[in-house]
Protein chains: 2
Amino acid sequence: MTAEEILQRHKLKNTGCRKFILTELLRSDSALSEEEIKKPFPELFDRVTFYRTLKTLEEQHVIHRIVLHDNSVKYALNGHHSDQNPVHAHFHCGKCDEVLCLEGKSHFDAELPADFVTREVFVVVEGLCAGCNHPS
Amino acid sequence: MTAEEILQRHKLKNTGCRKFILTELLRSDSALSEEEIKKPFPELFDRVTFYRTLKTLEEQHVIHRIVLHDNSVKYALNGHHSDQNPVHAHFHCGKCDEVLCLEGKSHFDAELPADFVTREVFVVVEGLCAGCNHPS
DNA sequence: TTTACAAATGCAACAATGCTGCAAATATAG
DNA sequence: CTATATTTGCAGCATTGTTGCATTTGTAAA
């Protein structure tokens, strides 16, 4: 799957900034912050363009935001999930800062007060990844 | 439980800003943002003092931060929970913006990759509260 | 291919928030 | 009451979020 294919599939214009962001996210196993995405070419696009492009891609459900407990934000490509499951869970390694999607691998239950309705559930698991837990 | 008692219990000096923040949190059923805490007397303390006081209270485990999916932050008093349960779950009403603690009322499970370790789990349930779901 | 238009981009600018250093004020232990 | 460590207020800077507007660009239709 290429950046261009993703954009076509979502009927979005094939622009430089969009291609760049999607390409970087495709290259990465883990979710990336805005800064991490920009890293290879920090000055390639204007700050505001970057900001607006991320916003658009999120609104169009191409990518999703992950808000960590330290208030920082990372972005990841959306999978082809059914969107039936309202639980969005991610793992964040406190040492190497990597973020992993736990889609389909987690379960959450809560007893809400009467008449409360759940729309979405956002979970961030803070911990250590295998590499950081057992540094060899 | 008064603000002074809480401060004594944590061996913290009994200062104006601390008392003010704790008093406002004690008065409220739901978690409050910095702005919401300040609301009654917006100019009573300097912006930086407020910022640093919240940070201190959090570091001393008097209050905890709740980071919502829109990146905003709310604060709530810590209960007397055993701290055995690493899951911190809160409900956020997307309409009236209230935040409720779901402590002890939720359960989370995830299949992590081998050798990954969980330290803490932060959950935000986005939805509608009873009042906003069934406006009478 | 050219044209036309909506959309995307870059730039300027401002708001909100996070954060640090330092001097003055203050809480509390003795 | 005094001494001292802590807290506070102020000035100021960094980062991030956001908007308006003029210019450029992608794409669909002529």
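Naming: A, B, ... by sequence-line order, numbering from 1 per chain. The structure presented is a predicted model; accordingly, all values stated were derived computationally and were not measured.
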>> Taking the nucleotide of DNA chain C with the nearest heavy atom to each, does A:T56 or B:N14 sit closer to the 5' end?
In response: A:T56
> Which sits closer to the 5' end of DNA chain C, B:T15 or B:R65, going by the nucleotide each is nearest to?
Replying inline: B:R65
> Between A:H88 and A:E120, does a side chain to side chain donor-acceptor pair (under 3.5 Å) hold up when you go through it step by step?
Replying inline: CA-CA 8 Å; A:H88 308 287; A:E120 291 190 282; 2.8 Å; yes
[X] [atom1] to [N] [atom2]: how many Å, rounded?
X	N	atom1	atom2	answer
A:D70	C:dT17	CG	P	17 Å
A:N71	C:dC19	CG	C1'	13 Å
A:Y51	C:dA12	OH	C1'	16 Å
A:L57	C:dA7	CG	P	16 Å
B:L54	C:dC19	CG	P	12 Å
B:K13	C:dA29	NZ	C1'	10 Å
B:D46	C:dA23	CG	P	17 Å

>> Show every side-chain hydrogen bond (donor to acceptor under 3.5 Å, both in side chains) that has at least one partner inside residues 44-56 of chain A, sequence neighbours left out.
In response: none
> Does atom CD of B:E111 have more than 12 heavy-atom neighbours from other groups under 6.0 Å away?
Replying inline: no
> Do other residues, nucleotides or ligands put more than 12 heavy atoms under 6.0 Å from A:E59 CD?
Replying inline: yes
> What are the 5'-most and 3'-most nucleotides of DNA chain D lying under 4.0 Å from any heavy atom of chain B?
Replying inline: D:dA5 to D:dG17
>> Run the ring-ring contact (aromatic ring centres under 6.0 Å, His included) test against A:H92 and tell me which residues pass, sequence neighbours left out.
In response: none
> Residues two or more places apart in sequence or in another chain: which of them pass side-chain hydrogen bond (donor to acceptor under 3.5 Å, both in side chains) with B:S33?
Replying inline: B:E36
> Near DNA chain D, which residues from residues 30-41 of chain B have a heavy atom under 4.0 Å away?
Replying inline: none
> Is there a donor-acceptor contact under 3.5 Å from the side chain of A:R119 to the main chain of B:L128?
Replying inline: no
> Starting at the 5' end of DNA chain D and moving along, which residue's nearest nucleotide shows up first, B:R47 or B:R18?
Replying inline: B:R18
> Does NZ or CZ of B:K38 come closer than 6.0 Å to the centre of the six-membered ring of B:F50, within 45° of the ring's axis?
Replying inline: yes
> With clusters built from Ile, Leu, Val, Met, Phe, Trp and Tyr whose side-chain heavy atoms come within less than 4.5 Å, directly or transitively, what are the remaining members of the cluster of A:I66, listed by chain and number?
Replying inline: A:L68, A:V99, A:V124
> Got a donor-acceptor pair under 3.5 Å from the side chain of B:R52 to the base of C:dG18?
Replying inline: no
>> Heavy atoms from C-beta onward define the side chain here; which of C:dG21, C:dT9, C:dA12 lies closest to that of A:C17?
In response: C:dT9
